[in-house]
Amino acid sequence: MNRETYAVIGCNGQLGSELKELSANLPIDFKFYDYPEIDITKKDELLEILRKDAPGAIINCAAYTAVDKAETEKDAALAVNGIGVKNLADVAKAIDAWLIHVSTDYVFDGTACRPYAETDATNPQSVYGATKLQGEVYATSYSKGIVIRTAWLYSTYGNNFVKTMLRLGNERESLNVVFDQVGTPTYARDLAKAILAAAEKATATNDTTLAGIYHYSNEGVCSWYDFTREIFDIERIACKLSPIETKDYPTPAKRPHFSVFNKKKIKATFGIEIPHWKHSLIECLNKLNSK
Ligand SMILES: NC(=O)c1ccc[n+]([C@@H]2O[C@H](COP(=O)([O-])OP(=O)(O)OC[C@H]3O[C@@H](n4cnc5c(N)ncnc54)[C@H](OP(=O)(O)O)[C@@H]3O)[C@@H](O)[C@H]2O)c1
């Protein structure tokens, strides 16, 4: 096991791309993989590739993330989000690597009225959420498995809410956005930094009490409507924005109404500071504007 080698799986997605960018400045030997070069549903291939790298940590950013499509593609979602994570946990065990896996607020039903702690009961309301929960079970059954749940992820990479709102805001004269789903936007770059802090401590100490579930989002709370309002204000987008209820914007998969996280555990365990979502949004928009 090479403590200074990390294998990142799903490196071309939002989060994986942020890790790739951050890796340039670190004294770590990163190995980056994505589908189809690596397919986490195929355990033998995974083992063959990762055994050669012998990483100290496997960081899994790969997932089936099409939340609505998953409602009609349960097997495909489960293959990646469930079995794929089992394969990664088995391979990590075989090569004695830490597994750092990313999960979601969709494992909760969103009926809480105070920020979710890691110990709160899960109750997924969608196929995507159920498959991600299955993945959590596999990752946490491994003694060196760390699961970081996150929510409302956006980045300068990939497709996400921020980019969609920028496009729609510039194309349309008016837009309706739900105001009864409340959570915290998470800049994938900030999450990537937190993941690296976790990987560093886990590989340096090899302390298995670090294994388990953690919550990470940016600080603060807002609705999707507030988030859009902020994007439009910063970018001076004139599009008329109106708040609507979820019932007036039906989607195949049910979303949690409340997905605010309590982040005390990840801050205390890995000694990280978390930026407020508004500050990170400005950073991301500045970066998008400079591209
Ligand atoms: N996006 C959000 O709002 C959000 C919220 C909460 C949690 N999360 C979680 O955060 C993590 C990162 O999300 P993200 O937004 O960065 O995801 P993303 O942009 O959709 O990237 C996922 C990556 O995984 C790859 N992949 C899919 N199936 C694979 C397989 N069988 N083997 C190997 N790679 C495979 C995808 O490749 P292809 O493009 O070729 O399929 C893609 O490059 C995921 O675990 C997700 O569930 C996301």
Side-chain angles (χ1 to χ4, degrees), residues 7-22 31-47 49-50 58-70 73 75-88 91 99-108 110 116 124 126-136 138-139 146-165 181 183-192 194-195 213-218 224 227 251 253 255-256 259-261 277 284:
V8 178
I9 321 286
C11 66
N12 295 334
Q14 297 190 78
L15 179 59
S17 299
E18 295 288 0
L19 280 164
K20 213 186 272 175
E21 207 180 292
L22 290 171
K31 310 285 183 188
F32 290 103
Y33 298 105
D34 207 315
Y35 185 84
E37 182 189 13
I38 223 173
D39 182 348
I40 63 170
T41 67
K42 298 192 173 139
K43 188 156 109 183
D44 293 346
E45 278 179 26
L46 266 183
L47 183 59
I49 294 171
L50 294 175
I58 299 168
I59 301 173
N60 181 36
C61 308
Y64 179 108
T65 55
V67 173
D68 288 318
K69 220 166 144 196
E73 289 192 353
D75 291 348
L78 190 62
V80 180
N81 296 345
I83 308 304
V85 182
K86 180 180 188 308
N87 291 339
L88 283 167
V91 168
L99 172 63
I100 301 185
H101 171 64
V102 182
S103 192
T104 171
D105 55 313
Y106 283 42
V107 298
F108 294 117
Y116 279 105
S126 60
V127 168
Y128 168 75
T131 61
K132 291 294 288 185
L133 181 60
Q134 187 64 59
E136 288 189 1
Y138 290 128
I146 289 176
V147 171
I148 302 182
R149 290 185 185 135
T150 192
W152 295 28
L153 206 60
Y154 68 92
S155 163
T156 54
Y157 297 100
N159 294 317
N160 53 62
F161 185 82
V162 172
K163 287 188 178 177
T164 303
M165 290 303 115
Q181 289 173 33
T184 314
T186 305
Y187 185 21
R189 192 175 181 81
D190 295 334
L191 172 61
I195 288 173
I213 298 178
Y214 297 84
H215 284 175
Y216 186 95
S217 67
N218 280 120
W224 290 111
F227 190 20
T251 52
R255 268 83 174 155
S259 42
V260 181
F261 283 152
W277 70 266
C284 177

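All values derive from a computational prediction rather than experimental measurement. Whatever order the structure lists ligands and atoms in, that order sets their numbers, starting from 1.
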For K69, does the NZ atom sit with more than 12 other heavy atoms under 6.0 Å from it, leaving out its own atoms?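 No, the 6.0 Å shell around NZ holds no more than 12 heavy atoms from other groups.
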
Near F161 CZ, under 6.0 Å, is it more than 12 heavy atoms from other residues, nucleotides or ligands? yes

Once you round to the nearest 0.5 Å, how far does [atom1] of [X] lie from [atom2] of [Y]?
X: Q134; Y: I83; atom1: CD; atom2: CD1; answer: 7.0 Å
X: H101; Y: N60; atom1: NE2; atom2: CG; answer: 6.0 Å
X: E21; Y: T156; atom1: CD; atom2: OG1; answer: 6.0 Å

Does any N or O atom in [X] lie less than 3.5 angstrom from one in ligand 1, N or O only?
X: I9; answer: no
X: D34; answer: yes
X: I40; answer: yes
X: L153; answer: yes
X: L15; answer: yes
X: Q14; answer: yes

Less than 4.0 angstrom from a charged side-chain N to a carboxylate O is my criterion; do R255 and D68 meet it?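 Counted as a salt bridge, because a side-chain N and a carboxylate O are separated by less than 4.0 Å.
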
Going by a strict under-4.0 Å cutoff (protein heavy atoms only), does [atom] have a neighbour on the protein?
atom: atom 38 (P) of ligand 1; result: no
atom: atom 15 (O) of ligand 1; result: yes
atom: atom 41 (O) of ligand 1; result: no

Which protein heavy atom lies closest to [atom], and at what distance to 0.1 Å?
atom: atom 34 (N) of ligand 1; value: A62 CB, 3.4 Å
atom: atom 27 (C) of ligand 1; value: A63 O, 3.4 Å
atom: atom 29 (C) of ligand 1; value: Y35 CB, 4.0 Å

Per-residue contact class, Y128 against ligand 1 - non-hydrogen pairs under 4.0 Å: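 Y128 to ligand 1: side-chain contact only, backbone stays beyond 4.0 Å.
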
Which one holds for S155 and ligand 1: side chain close, backbone close, both close, or neither close, with close meaning a heavy atom under 4.0 Å?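 Contact part for S155 vs ligand 1: neither.
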
Counting C-beta onward and ignoring hydrogens, is there a side-chain heavy-atom pair between [X] and [Y] closer than 4.5 Å?
X: V147; Y: I213; value: yes
X: H215; Y: Y116; value: yes
X: N159; Y: T164; value: no

At less than 4.0 angstrom from any non-hydrogen atom of [X], what atoms of ligand 1 do you find?
X: I38; value: 32 (N), 33 (C)
X: S103; value: 7 (C)
X: K132; value: 44 (C), 45 (O), 46 (C), 47 (O)
X: D39; value: 30 (C), 31 (N), 32 (N)
X: T65; value: 17 (O), 20 (O), 46 (C), 47 (O)

Nearest heavy atoms of D105 and P256, plus distance in Å: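 D105 and P256 have their closest heavy atoms at OD2-CG, 4.0 Å.
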
What is the minimum heavy-atom distance between P185 and F227, and which atoms define it?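 The answer is CB-CZ, 3.6 Å.
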
Just by modelled atom types, is the N12 backbone N or O under 3.5 Å from a matching donor or acceptor in the D34 side chain?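 Judged by distance alone, yes, a pair lies under 3.5 Å.
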
Answer with yes or no whether Y157 contacts ligand 1, where contact means a heavy atom under 4.0 Å from a ligand atom. no

Does C61 have a heavy atom less than 4.0 Å from any atom of ligand 1?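 Right, C61 reaches ligand 1.
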
